[in-house]
Amino acid sequence: MNTLQSIRSFIRTADAGSLAGAARTLGISAAAVGQNIARLEAHLGVRLFNRTTRQLALTERGALYLSQVRHIERDLQRAHAAVTDPDAQPTGRLRIASTAAFGRHVLAPLLPGLQQRYPRLELELLLADRSVDHAHENVDVSIRIEPQLEEGLVARPLAQVPLLFCAAPAYLANAGTPQAPEDLHEHRCLLFRYPTNGRYLPWRFVRDGLRFDADVRPAMVSDDADALAAMAASGGGITRLTAFVAAPYIARGELQALFQSEVAGDAHASPEPMHLFLCVSDRRDLTPKVRALLQHIVAALPPAWRADSEHA
């Protein structure tokens, strides 16, 4: 029995949820995948999948076995990369998890260019405003905001994106334009609720080198930045958006950015930017394909947004 091929067939079937899906990723027939898994089950003396006419589901022992062998294929890829030409073109699957807004507005438009540059890459993009488990979700690299960073991750600064406080011109004509963060307490505020812990993301400013959170009263709440932008553009109130989400609305005149002028005295405060990080589980996961992704993103960012990650 080719143990490695059988384990690879098992992992891909568990990820795809079907023999046919695993076969497509492995480039072999579904029958061959099934035979590999059957040999592995016979070798182990346990059933790894519960089979019905419509689906496959891991057994309890199958799930345990998957957690123990999932790293094998990745370790082999690392070993291959370590001993082959470091200048060779990145190849193989690259599964990327990203915060939803950055993935939708910035990363997705960039990925076709990366794939065209490295045609042997197989790219997959997962959008999720939650903590993604690299090992269990088979993710190679994730792009996270600061509140999503977890102990044990290797996090490289990627970007610092301006945050803009915005409202529809009609709302401001009716409710007045706040001149300082302290004025926000008197306005209808549209807040982002972080889906993992249910907390609101604070509206943070910097004044004279000191960070502080504005006192705000939530009028409407969402866990999606694009929904908040649409609410604000429809006159719902003031919201905080990343520059890449806000820019099209501002260009069309549907939203107006606040706190843009240099106000003299104690009133002036700048919105703190959103810090983004490129994360892997282990330093050994900074493979050529991950580095290619990092360099491709950094090269496309406006210079003012770039963090010191070009030499990561």
Do the side chain of Ser6 and the main chain of Asn36 share a donor and acceptor less than 3.5 angstrom apart? yes

Any carboxylate oxygen within less than 4.0 angstrom of a Lys/Arg side-chain nitrogen, looking at Asp213 and Arg204? yes

Cation-pi check, Arg120 to Tyr118: give yes when NZ or CZ is under 6.0 Å from the six-membered ring centre and within 45° of the ring axis, no otherwise. no

Is the closest basic N to carboxylate O distance between Asp224 and Arg193 below 4.0 Å? no

Test side chain to side chain donor-acceptor pair (under 3.5 Å), reference Ser142, set His134, Glu137, Gln148, output is His134

Tyr65 and its side-chain contact (heavy atoms from CB on, under 4.5 Å) partner, picked from Val46, Ile7, Leu58: Ile7

Linking I/L/V/M/F/W/Y whenever any side-chain heavy atoms sit under 4.5 Å apart, do Leu153 and Leu94 land together? no

Judged by atom type as modelled, is there a donor-acceptor pair below 3.5 Å linking the side chain of Lys289 to the main-chain atoms of Arg93? yes

For Arg47 and Thr59: C-alpha separation, side-chain torsions, deciding distance, then whether side chain to side chain donor-acceptor pair (under 3.5 Å) applies. CA-CA 7 Å; Arg47 182 177 291 277; Thr59 63; over 6 Å; no

Is the shortest side-chain N to carboxylate O distance from Arg207 to Glu182 below 4.0 Å? yes

Applying the side-chain contact (heavy atoms from CB on, under 4.5 Å) criterion to Trp203, which one of Leu184, Asp215, Leu163 satisfies it? Leu184

To check you understand the geometry: which heavy-atom pair defines the closest contact between Ala128 and Val132, and what is its length? CB-CG2, 4.2 Å

